[in-house]
2 protein chains.
Amino acid sequence: MAGSKGSKYFNIFLDYQVWLKAQNREGRVDDQLIELLKEIGLHGSLKKAAIKKGLSYRKAWGDIKEAEEFLELSLIVSTRGGKDGGLSLLTEDGRELIAAFDELHYQFDQAIHRITRQFFNKLNKKDLPETE
Amino acid sequence: MAGSKGSKYFNIFLDYQVWLKAQNREGRVDDQLIELLKEIGLHGSLKKAAIKKGLSYRKAWGDIKEAEEFLELSLIVSTRGGKDGGLSLLTEDGRELIAAFDELHYQFDQAIHRITRQFFNKLNKKDLPETE
DNA sequence: AATCGTTATGTTATATCTTGCATGACCAAT
DNA sequence: ATTGGTCATGCAAGATATAACATAACGATT
C-alpha cells in the first residue's frame, strides 16, 4: 500500500483454523480437541493428556464429553480404579477421527501454501518492487 | 460468514477461518474486521457499521484502532462535527485490504470445496453404511 | 450560540470461559 | 481393609472479553 519502507508484511503471516460444526446442535470438533485426543492415545490417560496440553482436567473432560455428544459417538473409553488409578483409551471412532483430521490438515496446509503466496504477492505488488 | 457449507455428514459441516497475524506483535486481521470495514465503506459511519454488525461502538472502534496499529497503516479516516455529526471513510489501504481479503476467501472457498468433499468421503466410508 | 449526531476514550458493569476445589466411585496392589 | 491415583461431576472462584455508561471534542445547520 502506499509509501513503504520495505515490506510491511514481512513478519505478518496467514493463519487458519478448520473445525466441524452443526447448524442445529451445539459443540464442535477442532484442532485443540484432536490434539487432546492424540495425547490421550499417547498416554492412556485423560489427566496426563490435559496436563500435557496445559488444560485443567475439568475442561479436558468437558471438551471430550461435549464432542462425543456432538458427534453422537464415543471417542474414548475409560475405566477407573486399578493399579494406576484408571485409564482412558481411544475408541476406533476416535482414532479414525484423528486420522481424518490429520489428512484434512495436510490438504489445507498444501492449499494455504499456495494461497498465501498469491495473497502476499497481491498485497506486495503495490508496495514492494522486490519479491521475497 | 466464514467458511463453506461443503458436504454434509449427518448435518455436520466443515467450517474454517483465516486471519493475518504476526509472531511478535499483537493484533490480527480477520473476517470480522473485514466485514466491519465493509460496513464502514457502505455507510460512511463507524457507529452505523458497529450497529449493523451487532457490536458496541466501543469495540468496533477499538478493533479498527488495533488493526491499524498492527498493520502500521490507516484503514479509515474520520472527522467529527458537521451536519451528520461526523463520518468515517475507508482509506485506499483499507479498500485494498478488503479486496485482497475477498480474493483470499475466494481462493479458500475453492480449496475447501475440494478438500471437504474428500474429507467427508473418508469419514463416510467408515461410519456410514448408506451413502447419501 | 445552541443543537445534534458522531467520533474518541477512559471507566465500570456484565457476561462468558476456565480453572480450582470438593466429593465419590472404582479397583489392583499392599 | 486400607491406600493411591484416576475417572466423573457439580459448584464456587478467578480471569477475560464485551457491552454499557459517562464525558468531551467537533462543526455544519438552525
Side-chain angles (χ1 to χ4, degrees), chain A residues 17 19 21 25-33 35-70 73-91 94, chain B residues 1-2 17 19 21 25-70 73-91 93-94:
Chain A
Q17 183 154 28
W19 62 89
K21 65 170 296 194
R25 272 170 294 158
E26 273 301 299
R28 69 183 239 172
V29 173
D30 59 11
D31 231 48
Q32 194 180 14
L33 183 86
E35 283 174 30
L36 182 61
L37 286 174
K38 283 182 181 173
E39 290 294 338
I40 292 174
L42 218 52
H43 298 101
S45 161
L46 177 49
K47 186 177 187 183
K48 286 201 184 73
I51 291 171
K52 209 71 186 261
K53 297 307 299 175
L55 302 172
S56 61
Y57 172 86
R58 190 63 182 73
K59 173 154 167 54
W61 173 79
D63 286 353
I64 299 280
K65 193 94 187 276
E66 196 177 299
E68 289 185 330
E69 278 170 26
F70 167 66
L73 50 83
S74 294
L75 298 173
I76 67 175
V77 55
S78 307
T79 60
R80 39 188 174 175
K83 178 165 148 302
D84 299 317
L87 55 83
S88 295
L89 301 171
L90 294 176
T91 62
Chain B
M1 196 73 241
Q17 185 156 24
W19 62 89
K21 66 170 298 194
R25 271 171 295 158
E26 273 302 300
R28 70 183 238 172
V29 173
D30 60 12
D31 231 49
Q32 193 181 13
L33 184 87
I34 298 298
E35 285 174 29
L36 183 61
L37 286 174
K38 283 182 180 174
E39 290 293 338
I40 292 174
L42 218 52
H43 298 102
S45 162
L46 177 49
K47 187 178 187 183
K48 286 201 184 74
I51 292 172
K52 209 70 185 264
K53 295 310 297 175
L55 301 173
S56 63
Y57 172 86
R58 190 63 180 74
K59 172 154 168 55
W61 174 80
D63 285 353
I64 299 281
K65 193 95 189 277
E66 196 177 300
E68 289 184 331
E69 276 170 26
F70 167 65
L73 50 83
S74 294
L75 297 173
I76 68 175
V77 55
S78 307
T79 60
R80 42 186 172 176
K83 177 165 150 302
D84 300 316
L87 55 84
S88 293
L89 302 171
L90 293 176
T91 61
D93 285 340

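Proteins get letters first, then strands, A, B, ... in listed order; numbering begins at 1 in each. Computed from a prediction, not measured in an experiment: that's the story for all the values here.
- In this structure, the side chain of A:Ser88 does not engage the main chain of A:Val77 through any donor-acceptor pair within 3.5 Å.
- Between D:dC7, D:dT29, D:dT9, one nucleotide has an atom nearer to the side chain of B:Lys83 than all others, and that is D:dT29.
- For the pair B:Asp63 CG and C:dT7 P, the interatomic distance rounds to 15 Å; values are reported in whole Å.
- If you measure from atom CG of B:Leu90 to atom P of C:dT7, you get 13 Å, rounded to the nearest angstrom.
- Phosphate proximity of D:dG27 to B:Thr79: absent, as no side-chain N or O sits under 4.0 Å from OP1 or OP2.
- Out of D:dA19, C:dG24, D:dT9, the shortest distance to the side chain of A:Arg80 is found at C:dG24.
- Distances were taken from every side-chain heavy atom of B:Ser78 (C-beta onward) to each of C:dT7, D:dA19, D:dT6; the shortest belongs to C:dT7.
- Across the protein-nucleic acid pair, B:Leu87 atom CG and D:dG27 atom P stand 12 Å apart, rounded to whole Å.
- Interatomic distance, A:Leu87 CG to A:His43 NE2, rounded to the nearest 0.5 Å: 14.0 Å.
- Residue B:Lys59 places none of its side-chain N or O atoms closer than 4.0 Å to OP1 or OP2 of D:dA20.
- Looking at heavy-atom distances under 4.0 Å, A:Gly86 makes contact with sugar-phosphate atoms alone, never a base.
- Under 4.0 angstrom from either OP1 or OP2 of C:dT18 there lies no side-chain N or O belonging to A:Ser56.
- The main-chain N or O of A:Ile76 is found under 3.5 Å from a side-chain atom of A:Glu68 such that the two form a donor-acceptor pair.
- We find that CD1 of A:Ile64 is positioned 15 Å from C1' of D:dT6, with the value rounded to whole Å.
- Using a 4.0 Å heavy-atom cutoff across all strands shown, A:Gly54 reaches sugar-phosphate atoms only and no base atom.
- What separates OH of B:Tyr57 from P of D:dA22 is a distance of 18 Å, to the nearest Å.
- Toward the 5' end of DNA chain C, the nearer of the two residues A:Gly85 and A:Gln32, judged by each one's closest nucleotide, is A:Gln32.
- Distance NZ (B:Lys47) to P (C:dT9): 17 Å, rounded to an integer number of Å.
- Using a 4.0 Å cut-off, some side-chain N or O of B:Lys65 falls inside it from OP1 or OP2 of C:dT9.
- The shortest distance between side-chain heavy atoms of A:Ile64 and A:Ile40 falls below 4.5 Å.
- Checked by atom type and distance alone, the side chain of A:Arg28 never pairs as donor or acceptor with a backbone atom of A:Lys21 at under 3.5 Å.
- Taking atom CD1 of residue A:Ile76 and atom P of nucleotide D:dA8, one finds them 6 Å apart after rounding to whole Å.
- Mapping B:Asp84 and B:Trp61 onto DNA chain C via the closest heavy atom, the residue that lands nearer the 5' end is B:Asp84.
- Summarising the geometry, the separation between CD on B:Glu66 and C1' on C:dT9 is reported as 15 Å, rounded to the nearest angstrom.
- Among the nucleotides D:dA20, C:dT19, D:dC7, the one closest to the side chain of B:Arg58 is D:dA20.
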